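To start, the structure itself, in structure tokens.
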Protein chains: 2
Amino acid sequence: MAENVAGTEDRILDLAELLIRKNGYNGFSFRDIAAGIGVKSASVHYHFPTKAALGARVAKRYTDRFLDTLGDPDKAPEDANAVIDKVRALFRSAMLEDGRVCLCGVLAAESAGLPDEVAAEAKAFFTRLTNWLCAALSRTTWGKDQPAEAVRTQALRAVALFEGGLLIARIQNDTDLFDLL
Amino acid sequence: MAENVAGTEDRILDLAELLIRKNGYNGFSFRDIAAGIGVKSASVHYHFPTKAALGARVAKRYTDRFLDTLGDPDKAPEDANAVIDKVRALFRSAMLEDGRVCLCGVLAAESAGLPDEVAAEAKAFFTRLTNWLCAALSRTTWGKDQPAEAVRTQALRAVALFEGGLLIARIQNDTDLFDLL
DNA sequence: GTCTATAATTTGATAGAC
DNA sequence: GTCTATCAAATTATAGAC
């Protein structure tokens with residue numbers, strides 16, 4: 001029964017992810033985290049020595065989970081639109097579940113002022129997601145006949161569209177806008 | 001000859017815009033601004049009483065300039081692709097001129113933690129840009145025969161694509177990625 | 001593993017002299 | 001319009017007791 005109770009480390013990661021997605025990396029503090037989970041900021045430092053280390057871990061966990069949900073690209077649908085829709089649905093659920101945008105979209109927006117290790121993890125998100133889309137799309141009936149560059153362009157367009165769509169839907173406070181994309 | 005020398009207020013706005021586009025609203029301070037233009041932070045407060053007031057003014061000026069460059073939508077091209085390309089070129093030049101993303105894209109990413117007056121100006125950017133695109137597109141040979149909703153969807157897709165594209169191009173440190181969109 | 005206490009710095013903002 | 005001086009609060013981070 002006790003396995004369901006998240007440890008302090010996971011609770012820190014959960015709250016940090018939520019706060020970054022809401023306010024950005026520069027928009028939360030160790031004290032926000034500590035207060036939110038009911039400990040002191042020194043305890044947060046025990047688990048994550050620096051803010052950069054925490055940010056990097058949050059981004060890595062987010063990316064791992066995102067790609068884990070997508071699964072094996074070799075088992076993705078054979079219809080190209082279905083592949084795109086699979087990714088669209090994942091971005092969409094991130095938006096609806098907690099009304100937040102993509103963590104790595106936020107980090108990308110701030111990236112020029114981010115600690116290197118955080119920026120590197122955010123960059124990896126886009127590399128890995130684009131690679132997954134390329135792999136999945138090149139198996140589809142559409143992609144089989146396409147040069148690699150055309151597949152890559154489609155993958156990039158999809159990611160850019162969804163990232164931008166989340167930003168617009170959020171600031172316009174209208175989640176329906178995302179579904180028009 | 002002296003007309004070319006920007007006043008303190010404009011120099012504050014210029015630097016604030018650059019810093020927000022680089023690090024986000026929470027990623028710059030009045031002292032950063034002051035040091036950058038060679039005054040003290042109290043002088044910055046003389047021109048802009050609060051950080052929120054400065055942020056809002058930066059966003060409004062950015063939006064005004066953006067739409068001013070686009071010009072009258074009734075004089076936009078009659079080819080729909082040319083209209084989209086006009087907007088694409090504007091986003092692209094923002095990226096190339098100073099290697100930065102769209103100011104309001106950054107603000108949108110942080111919007112949940114922004115002062116109301118700043119968030120309102122960022123929101124207005126997307127409203128005004130989308131409206132411009134709707135007006136311009138509905139005049140095109142393509143748009144003339146389309147229902148308003150289809151035109152609006154196209155407009156939103158274009159803005160989302162370019163905003164997302166800027167974010168990806170910047171974090172991947174590859175401006176060429178934007179041109180694939 | 002969490003706490004108290006605190007250091008060192010930075011932040012947004014104000015008062016008042018010039 | 002810009003300055004010096006300063007405030008109160010918040011920030012990341014550390015030392016050491018429990």
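Because the structure is predicted, anything quoted here is derived from the model rather than measured. Every chain is numbered from 1 and lettered A, B, ... according to where its sequence line falls, protein lines coming before strand lines.
Using a 4.5 Å heavy-atom cutoff, the side chains of A:Phe126 and A:Leu156 are not in contact.
When the P atom of D:dC7 is taken as reference, atom CZ of B:Phe30 falls 21 Å away, rounded to whole Å. In this structure, A:Lys51 places its NZ atom 15 Å from P of D:dT14, rounding to the nearest Å. Rounding to whole angstrom units, CZ of residue A:Arg31 and C1' of C:dT10 are separated by 13 Å. In this structure, CD1 of B:Ile33 is placed 17 Å from P of C:dT10, rounded to the nearest angstrom. Protein atom CG of B:Asn23 is 15 Å distant from nucleotide atom C1' of C:dT10, rounded to whole Å. Rounded to an integer number of Å, the gap from B:Arg11 CZ to D:dT2 C1' is 13 Å. Whole-Å rounding puts the B:Tyr25 OH to C:dG12 C1' distance at 10 Å.
Distances were taken from every side-chain heavy atom of A:His45 (C-beta onward) to each of D:dT12, C:dA5, C:dG12; the shortest belongs to D:dT12. You'll find that the side chain of B:Lys40 is closest to D:dC3, out of D:dC7, C:dC3, D:dC3.
Distances shown here put every side-chain N or O of B:Tyr46 at or beyond 4.0 Å from the OP1 or OP2 atom of D:dT2. Within the structure, every side-chain polar atom (N or O) of B:Ser43 is placed at least 4.0 Å from both OP1 and OP2 of D:dG1. Between B:His47 and the phosphate of D:dT2, there is a side-chain N or O to OP1/OP2 separation shorter than 4.0 Å. Of the side-chain N and O atoms in B:Ser41, none sit less than 4.0 angstrom from OP1 or OP2 of C:dT11. A:Thr8 has a side-chain polar atom (N or O) that falls below the 4.0 Å cut-off from OP1 or OP2 of C:dT2.
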Discussion item. Would A:Arg88 and A:Asp85 count as a salt bridge (Lys or Arg N to Asp or Glu O under 4.0 Å) here? Give the steps.
Written reply: CA-CA 5 Å; A:Arg88 183 201 317 270; A:Asp85 281 343; 3.1 Å; yes
Practice prompt. Might you work through the side chain to side chain contact (heavy atoms under 4.5 Å, CB included) test for B:Phe66 and B:Phe91, ending with a clear yes or no?
Written response: CA-CA 9 Å; B:Phe66 203 99; B:Phe91 275 106; 3.9 Å; yes
Discussion item. Pair A:Arg152, A:Arg157 - check side chain to side chain contact (heavy atoms under 4.5 Å, CB included), show working.
Written reply: CA-CA 9 Å; A:Arg152 181 166 174 73; A:Arg157 285 181 62 96; over 6 Å; no
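The residue B:Phe48 sits apart from the nucleic acid: no heavy atom pair falls under 4.0 Å.
At a threshold of 4.0 Å, the pair B:Arg128-B:Asp64 counts as salt-bridged, since one of the basic side-chain nitrogens sits closer than that to a carboxylate oxygen.
Both B:Ser29 and A:Gly38 lie near DNA chain C, and the one whose nearest nucleotide falls closer to the 5' end is A:Gly38.
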